[in-house]
> 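Before we start, here is the structure in question, set down as structure tokens.
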Amino acid sequence: MELDINFMHNILALYDELIDNGISVVYIGKFTHKVVKLFTELNEEEMEQCCEQKTIKRRVHHSLVEILQNMQKHSTEFQTEFSLVNGFFMIGKKDGIYYILTANKVGKHDIMRLTQALEAVNNATKEELDAMYKKQLRDGTLSEKGGAGLGLIELARKTDGNLEYMFLPVDQTTDYFILKVEISGKERE
């Protein structure tokens, strides 16, 4: 890589944008167990330094673990010029709200199933989410990738508001799946 003024200008503009939006961590790369552990530990340390309330720390931690583990299990791996990459995530806090934003590639054949699952949890009440969670624990089966179907339900239970998502086409068989969750920095009533 050459040190180029246009490249550096773009990087510094991105840096300013990230800072303005409260982003504290950005990661692009392979999501292994070690990476998940590293970022959850870093996030815990940062929240400890900010003297965050225990229940808020727990909700952010559980949401982060769930999202990163789902990326680790469900990303469609793709090869770049330099390495095997599964996606990226960002975590930040702005105006008292923690947010986690992720992107990873998924097959187009998975979009309908994923959309239906997201809409089901987004349209459910707290009581319905609790019932969905208990039913899945009781009756659910493990997928071929080792998931029990609890991830989105658990995210909806731990976060505030809807799970925001979109799909951006990559090619004829693949889309980027982008997911954003928010966790209020205030205690729930």
> Rounded to the nearest 0.5 Å, what separation is found between the CD1 atom of Ile183 and the CD1 atom of Ile97?
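Here the rounded value is 10.0 Å.
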> Just checking Ile5: does its CD1 atom have more than 12 heavy atoms from other residues, nucleotides or ligands closer to it than 6.0 angstrom?
no
> List the steps and the verdict of side-chain contact (heavy atoms from CB on, under 4.5 Å) for Lys135 and Met132.
CA-CA 5 Å; Lys135 182 181 185 319; Met132 290 166 70; 5.8 Å; no
> Apply side-chain contact (heavy atoms from CB on, under 4.5 Å) to the pair Leu101 and Ile23, showing each step before the final yes or no.
CA-CA 10 Å; Leu101 181 76; Ile23 303 290; over 6 Å; no
> Quick one: do Asp130 and Lys134 satisfy salt bridge (Lys or Arg N to Asp or Glu O under 4.0 Å)? Show the steps, please.
CA-CA 6 Å; Asp130 291 342; Lys134 289 175 186 171; over 6 Å; no
> How close do Ala103 and Ile178 get, heavy atom to heavy atom, and via which atoms?
CB-CG1, 3.9 Å
> What distance do Glu44 atom CD and Arg58 atom CZ have between them, rounded to the nearest 0.5 Å?
11.5 Å
> With rounding to the nearest 0.5 angstrom, report the CG to CD1 distance, Asp16 to Ile11.
11.5 Å
> Using the ring pair (Phe, Tyr, Trp, His ring centres under 6.0 Å) criterion, which residues pair with Tyr133? Sequence neighbours excluded.
none
> Once salt bridge (Lys or Arg N to Asp or Glu O under 4.0 Å) is applied, do any residues pair with Glu119, and if so which ones, sequence neighbours excluded?
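If we apply the salt bridge (Lys or Arg N to Asp or Glu O under 4.0 Å) test to Glu119, skipping adjacent residues, there are no hits.
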> For the residue pair Asn123 and Glu128, what are the closest heavy atoms and their distance?
O-OE1, 3.9 Å
> What residue pairs, at least two apart or across chains, pass salt bridge (charged side-chain N to carboxylate O under 4.0 Å, His left out) with a residue in residues 90-100?
Glu52-Lys93
> Evaluate side-chain contact (heavy atoms from CB on, under 4.5 Å) for Ile91 paired with Val60, printing each intermediate quantity in order.
CA-CA 10 Å; Ile91 186 167; Val60 171; 4.3 Å; yes
> By ring pair (Phe, Tyr, Trp, His ring centres under 6.0 Å), which residues pair with Phe177, not counting sequence neighbours?
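Expected list: Phe167.
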> Heavy atoms only: give me the nearest Ile56-Ser184 pair and the separation to one decimal.
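So the minimum-distance heavy-atom pair works out to CD1-O, 3.5 Å.
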> I need the Tyr176 OH to Leu168 CG distance, nearest 0.5 Å.
9.5 Å
> Checking side chain to side chain contact (heavy atoms under 4.5 Å, CB included) between Tyr165 and each of Leu114, Asn122, Leu152, which is the one that passes?
Asn122
> Do Val181 and Lys158 have side chains that get closer than 4.5 Å, going by heavy atoms?
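No, their side chains stay 4.5 Å or more apart.
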> Quick one: closest heavy-atom pair of Phe88 and Ile28, and the distance?
CB-CG1, 3.7 Å
> Assess whether side-chain contact (heavy atoms from CB on, under 4.5 Å) is satisfied between Arg113 and Asp110, documenting all intermediate values.
CA-CA 6 Å; Arg113 177 189 49 79; Asp110 292 324; 3.4 Å; yes
> If hydrophobic residues (ILVMFWY) are linked whenever their side-chain heavy atoms come closer than 4.5 Å, directly or via other members, who joins Tyr15 in its cluster?
Ile19
> Between Ile67 and Phe89, is there a side-chain heavy-atom distance shorter than 4.5 Å?
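Contact flag for Phe89/Ile67 side chains = no.
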> Is it true that Ile100 and Val65 fall in one hydrophobic cluster, defined by side-chain heavy atoms closer than 4.5 Å?
no
> From Thr159 OG1 over to Glu66 CD, what is the distance, rounded to the nearest 0.5 angstrom?
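Interatomic distance, Thr159 OG1 to Glu66 CD, rounded to 0.5 Å: 11.0 Å.
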> Kindly give the heavy-atom pair with the smallest separation between Leu118 and Leu163, and that separation in Å.
CD2-CD1, 4.0 Å
> How would you list all residue pairs meeting salt bridge (charged side-chain N to carboxylate O under 4.0 Å, His left out) that involve residues 161-176, not counting sequence neighbours?
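Listed once each, the pairs are Lys108-Asp175, Glu164-Lys180.
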> Examine the side chains of Glu154 and His62 and answer whether a donor and an acceptor come within less than 3.5 Å of each other.
no
> What distance do Thr174 atom OG1 and Ile111 atom CD1 have between them, rounded to the nearest 0.5 Å?
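Between atom OG1 of Thr174 and atom CD1 of Ile111 there are 9.0 Å.
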